[in-house]
Student: 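Quick one: structure below, then a few questions.
For the single chain, residues carry numbers from 1 onward in sequence order. What's counted below: heavy atoms across the whole structure, side chains too, no hydrogens, waters or symmetry copies.
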Amino acid sequence: MIAEGTALVGRTLAVAELGRFQLQAAIAAVHDEADTAADTDWTLILGPYTLLRSLPPGPMVTLNRIVALAMAHGPDPALAELADAARDPALAGHHRTTAVRAHLLELTGQHAEAGRQYRLAARQTLNLPERDYLLARSTAHSRSTTDTRR
């Protein structure tokens, strides 16, 4: 079914007007082609996310694009873009903005600050599974910074 869907997306992109659903399907197809996140063609994913920014799906597309930017070009340009994006009232103080910041800090090796940001994101969300996940990420960073001091 995934192969059939990927083929349909490929044919549709060639003939149909480009819209958010086609772009989201293209992103999903690229993810599907990779066995792991490390094997994902993040540069290819960055293109549809860049196009999605101009369409109405909303501010979460901005955050997803920032993650793709980090995976394609490293966390530093993504952190800079996140700082700009966080000025948007829809993203300012949002737990997912904070969680993305934590992830990017983690990628730069700033584990103590990443842990603090994960804790802050956990306090900002009302979703219990997300809170549990973010607290677990925070705890993992607390352990890693404690372990490296020994």
Side-chain angles (χ1 to χ4, degrees), residues 1-86 88 90-91 94-115 117-122 124-125 127-145 147-148:
M1 293 174 100
I2 291 173
E4 179 183 357
T6 301
L8 286 170
V9 168
R11 287 195 304 271
T12 301
L13 288 175
V15 297
E17 184 177 330
L18 206 53
R20 68 182 174 124
F21 295 117
Q22 290 87 350
L23 292 168
Q24 291 169 344
I27 291 166
V30 174
H31 278 298
D32 177 62
E33 290 174 357
D35 291 331
T36 67
D39 295 331
T40 301
D41 187 342
W42 290 102
T43 303
L44 189 57
I45 284 178
L46 192 55
Y49 271 124
T50 300
L51 293 171
L52 271 172
R53 273 195 314 195
S54 65
L55 299 175
M60 291 306 123
V61 168
T62 300
L63 293 180
N64 290 342
R65 185 191 172 284
I66 289 169
V67 171
L69 176 65
M71 300 306 285
H73 299 292
D76 291 329
L79 279 165
E81 195 163 310
L82 182 63
D84 289 337
D88 178 344
L91 291 173
H94 195 288
H95 73 279
R96 290 193 178 131
T97 303
T98 308
V100 168
R101 183 177 300 107
H103 175 66
L104 297 176
L105 290 166
E106 180 179 359
L107 292 175
T108 68
Q110 298 178 59
H111 297 288
E113 184 57 27
Q117 292 294 310
Y118 279 125
R119 280 191 300 283
L120 176 58
Q124 292 171 324
T125 185
N127 181 300
L128 293 178
E130 281 183 320
R131 182 179 299 154
D132 291 345
Y133 171 79
L134 293 165
L135 287 173
R137 299 295 306 148
S138 172
T139 300
H141 286 288
S142 296
R143 282 192 202 124
S144 70
T145 54
D147 291 343
T148 59

Student: Do you know which of Leu91, Ile66, Leu69 makes side-chain contact (heavy atoms from CB on, under 4.5 Å) with Leu82?
Tutor: Ile66
Student: When you measure from the side chain of Gln22 to the backbone N and O of Gly19, does any donor-acceptor pair fall under 3.5 Å?
Tutor: yes
Student: Fit a plane to each ring of His111 and His141, take the angle between them on a 0 to 90° scale, and name the class: parallel (under 30°), tilted (30 to 60°) or perpendicular (over 60°).
Tutor: parallel
Student: Can you list the residues that meet the side-chain contact (heavy atoms from CB on, under 4.5 Å) rule with Ala34, with sequence neighbours excluded?
Tutor: Asp39, Thr40
Student: Does a donor on one side chain sit under 3.5 Å from an acceptor on the other, for Arg65 and Thr50?
Tutor: yes
Student: Check the side chains of Thr98 and Gln117 for a donor-acceptor pair under 3.5 angstrom, ignoring hydrogens and angles.
Tutor: no
Student: Do side-chain atoms of Ser138 reach the backbone of Gly115 as a donor and acceptor pair under 3.5 angstrom?
Tutor: yes
Student: Assess whether a salt bridge exists between Glu113 and Arg119, defined as any Lys/Arg side-chain N lying under 4.0 Å from an Asp/Glu carboxylate O.
Tutor: no
Student: Whether the side chain of Thr108 engages the backbone of Leu105 through a donor-acceptor N/O pair (distance < 3.5 Å, no angle test) should be reported.
Tutor: yes
Student: Looking at every non-hydrogen atom in both residues, tell me the closest pair between Leu104 and Pro75 and how far apart they are.
Tutor: O-CB, 3.7 Å
Student: Name all residues meeting the ring pair (Phe, Tyr, Trp, His ring centres under 6.0 Å) criterion together with Tyr49; count only those two or more places apart in sequence or in a different chain, and write none if there are none.
Tutor: none
Student: Taking Trp42 for its side chain and His73 for its backbone only, find out whether a donor-acceptor pair lies under 3.5 Å.
Tutor: no
